[in-house]
Amino acid sequence: MINVTAQNQRVLSGMRPTGLLHLGHYHGVLKNWITLQHEFECFFFVADWHALTTEYDNKEVIGNSVWEMIIDWLAAGVNPGTAKLFIQSRVPEHAELHLLLSMITPLGWLERVPSYKDQQEKLREKDLDTYGFLGYPLLQSADILIYKAGQVPVGEDQVAHVELTREVARRFNHLYGREADFAEKAESAIKKMGKKYSKIYSQLRRNYQEKGDYEALEKARALLESQQNITLGDRERLFGYLEGEGKMILPEPQALLTPTSKMPGLDGQKMSKSYGNTIGLREDPDVVEKKLRTMPTDPARVRRRDPGDPEKCPVWAFHQIYSTDATRQWVVEGCRGAGIGCLDCKQPLIEAILKEQAPIRERALEFIENPKVVQNIINEGCEAAREVARDTMEEVRQVVGLVYNNT
Ligand code: TRP
Ligand code: SF4
């Protein structure tokens with residue numbers, strides 16, 4: 001059994017397989033995952049069911065993207081030795097939890113999630129007036145809660161989904177975490193910590209409950225985490241008792257806001273497939289070079305001798321990511337003084353991006369040539385994920401009242 005500390009440290013995130021990854025994914029998401037995998041127990045998965053909520057009429061897209069995306073992850077440096085990589089639909093327990101959560105989730109909560117209306121507007125050509133699409137964030141909640149993940153790295157657009165997850169978890173714990181004699185059991189669990197710690201716990205609990213003192217709440221949690229002598233059940237009870245509700249069955253996760261990707265697209269807007277301004281993570285070097293050479297610059301620089309302003313140029317945004325101070329200074333002076341041409345200015349970027357991609361492309365090749373290796377990685381990840389998911393579901397079925405014994 002895992003202890004509460006380990007649970008709270010668990011990181012979970014998913015990505016929809018809807019096409020090839022680009023440098024925006026790399027700088028915005030993957031590099032972050034790669035950092036996290038050294039610090040935490042990480043679960044990263046292919047959210048194929050989520051992709052299906054919008055791609056239900058397009059059988060090819062998902063199937064074609066799943067393995068490519070996993071190769072992208074591996075090639076970028078996501079390490080299957082530390083992180084568990086899996087495919088959502090291979091852990092059907094997610095669907096079961098989604099169903100059970102749907103029983104207690106008010107429709108209004110889902111209708112109010114901002115991405116619901118936003119995405120419907122944005123993807124007008126599709127019929128997203130579906131049950132599945134409305135449930136998108138709740139399926140995400142199930143993804144998170146089934147692993148009792150403490151931290152969920154997401155972009156800004158997904159924070160509302162983590163917020164919903166917290167509300168759903170709270171409601172679930174409130175409904176199902178109650179035991180008839182919860183308070184008595186909690187009080188007797190307190191005593192098991194010994195005189196000194198019982199007193200500290202009770203004091204901290206009072207400070208939190210009466211004065212809303214969050215520091216006291218944190219201290220009490222830390223105290224519980226450090227207790228060696230109490231059972232897991234008692235520990236869960238005492239975590240729940242702090243907030244007065246009941247047993248904490250599904251812990252509330254925290255959004256770990258990914259620093260917004262500063263990766264600009266070729267046109268200066270955010271890099272995104274829908275804007276058609278991307279550079280693929282493993283794009284052919286010739287294509288990369290061509291895309292950069294033809295990308296727009298400050299329109300004031302019609303001729304080589306016309307001075308320009310880097311602030312008005314998408315190329316400059318790339319220099320922010322890829323260039324040293326010295327190069328940037330060379331750009332600013334050369335641009336404003338018309339000392340360099342735009343192609344000169346782009347040259348160091350072309351080199352930097354090709355250099356960044358070379359090892360990724362090379363590692364990807366190994367995986368492309370050995371699909372079995374990739375398959376094994378995913379099989380192992382799915383198995384590890386299922387083990388955790390199964391445990392949670394056993395507990396969930398129990399508390400919801402779906403375990404029937406006729407003996
Ligand atoms: N909705 C997420 C996205 O579009 C993908 C996702 C699905 C996810 N389930 C998740 C992210 C659980 C974090 C946690 O990016
Ligand atoms: Fe942009 Fe560089 Fe050309 Fe200036 S010199 S307009 S920064 S590409």
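Order of listing sets the numbers, starting from 1, for every ligand and every atom in it. Values below: every heavy atom of this structure, side chains too, minus hydrogens, waters and symmetry copies. All residue numbers in this chain count up from 1 along the given sequence.
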(request) Check each of Pro314, Ala317, Cys313, Ala338 against atom 1 (Fe) of ligand 2 and report the one with the nearest heavy atom. (result) Cys313
(message) Could you tell me if His174 and Arg178 have a donor-acceptor pair between their side chains, going purely by distance under 3.5 Å?
(response) yes
(request) Report the part of Gln158 (side chain from C-beta onward, or backbone N, CA, C, O) that has a heavy atom under 4.0 Å from ligand 1; answer both or neither where that applies. (result) side chain
(request) Measure the distance from atom 3 (Fe) of ligand 2 to every protein heavy atom, then report the residue, atom name and distance (to 0.1 Å) of the closest one. (result) Cys342 SG, 2.3 Å
(request) Identify the heavy atoms of Phe86 and Val91 that sit nearest to each other, and give their distance. (result) CD1-CG2, 3.7 Å
(message) Tell me whether Ser13 has any N or O atom under 3.5 angstrom from an N or O of ligand 1.
(response) no
(request) Answer yes or no: is there an ion pair linking Arg301 with Asp298, defined by an N-O contact shorter than 4.0 Å? (result) no
(request) Go through ligand 1 atom by atom and flag the ones less than 4.0 Å from a non-hydrogen atom of Leu12. (result) 12 (C), 14 (C)
(request) State, yes or no, whether a side-chain contact exists between Lys312 and Asp309 at a heavy-atom distance under 4.5 Å. (result) yes
(request) For atom 14 (C) of ligand 1, find the nearest protein heavy atom and state the residue, atom name and distance (0.1 Å precision). (result) Val152 CG1, 3.6 Å
(request) Search all heavy atoms of Leu281 against all heavy atoms of Gln357 and return the closest pair with its distance. (result) O-NE2, 3.4 Å
(request) Could you find the nearest protein heavy atom to atom 8 (C) of ligand 1 and give me its residue, atom name and distance? (result) Gln140 NE2, 3.5 Å
(request) Dump the intermediate steps for side-chain contact (heavy atoms from CB on, under 4.5 Å) on Cys345 and His319, then the final yes or no. (result) CA-CA 9 Å; Cys345 182; His319 278 294; 3.4 Å; yes
(message) Among all protein heavy atoms in this structure, tell me which lies nearest to atom 9 (N) of ligand 1, with the distance rounded to 0.1 Å.
(response) Asp143 OD2, 2.7 Å
(message) Starting from atom 6 (C) of ligand 1, what is the nearest protein heavy atom, named by residue and atom, and what distance separates them?
(response) Gly14 O, 3.8 Å
(message) For His27 together with Tyr322, are the ring centres under 6.0 Å from each other?
(response) yes
(message) Before we go on, tell me: are the rings of His94 and Tyr147 under 6.0 Å apart, centre to centre?
(response) yes
(message) Taking N, O or S atoms only and a limit of 2.8 Å, check whether Cys345 reaches atom 2 (Fe) of ligand 2.
(response) yes
(message) Please give me the minimum heavy-atom distance between Pro137 and His161, naming the atom from each residue.
(response) CB-CD2, 3.8 Å
(message) Would Gly308 count as a contact residue for ligand 2, given that I'm defining contact as a non-hydrogen atom of the residue lying under 4.0 Å from a ligand atom?
(response) no
(request) Give the numbers and elements of all ligand 1 atoms closer than 4.0 Å to a heavy atom of His50. (result) 7 (C), 9 (N)
(request) Would you mind telling me if ligand 1 is within reach of the side chain of Ala47, the backbone, both or neither, using heavy atoms under 4.0 Å? (result) side chain
(request) Would you mind running through ligand 2 and noting each atom that sits below 4.0 Å from a heavy atom of Asp298? (result) 6 (S)
(message) Which of the numbered atoms in ligand 1 are under 4.0 angstrom from any heavy atom belonging to Tyr136?
(response) 1 (N), 2 (C), 3 (C), 4 (O)
(request) Determine the minimum heavy-atom distance between Ala149 and Leu12, stating which atoms define it. (result) CB-CB, 3.7 Å
(message) What I want to know is whether His161 and ligand 1 share at least one N or O pair that is separated by under 3.5 angstrom.
(response) no
(request) Assess Arg301 for proximity to ligand 2: is some non-hydrogen atom of it under 4.0 Å away? (result) yes
(request) Give the minimum heavy-atom separation between Gln37 and Asn79, together with the two atoms involved. (result) OE1-N, 2.8 Å
(message) Under 4.0 Å from a heavy atom of Cys335: which atoms of ligand 2 are those, numbered in the order shown and with their elements?
(response) 4 (Fe), 5 (S), 6 (S), 7 (S)
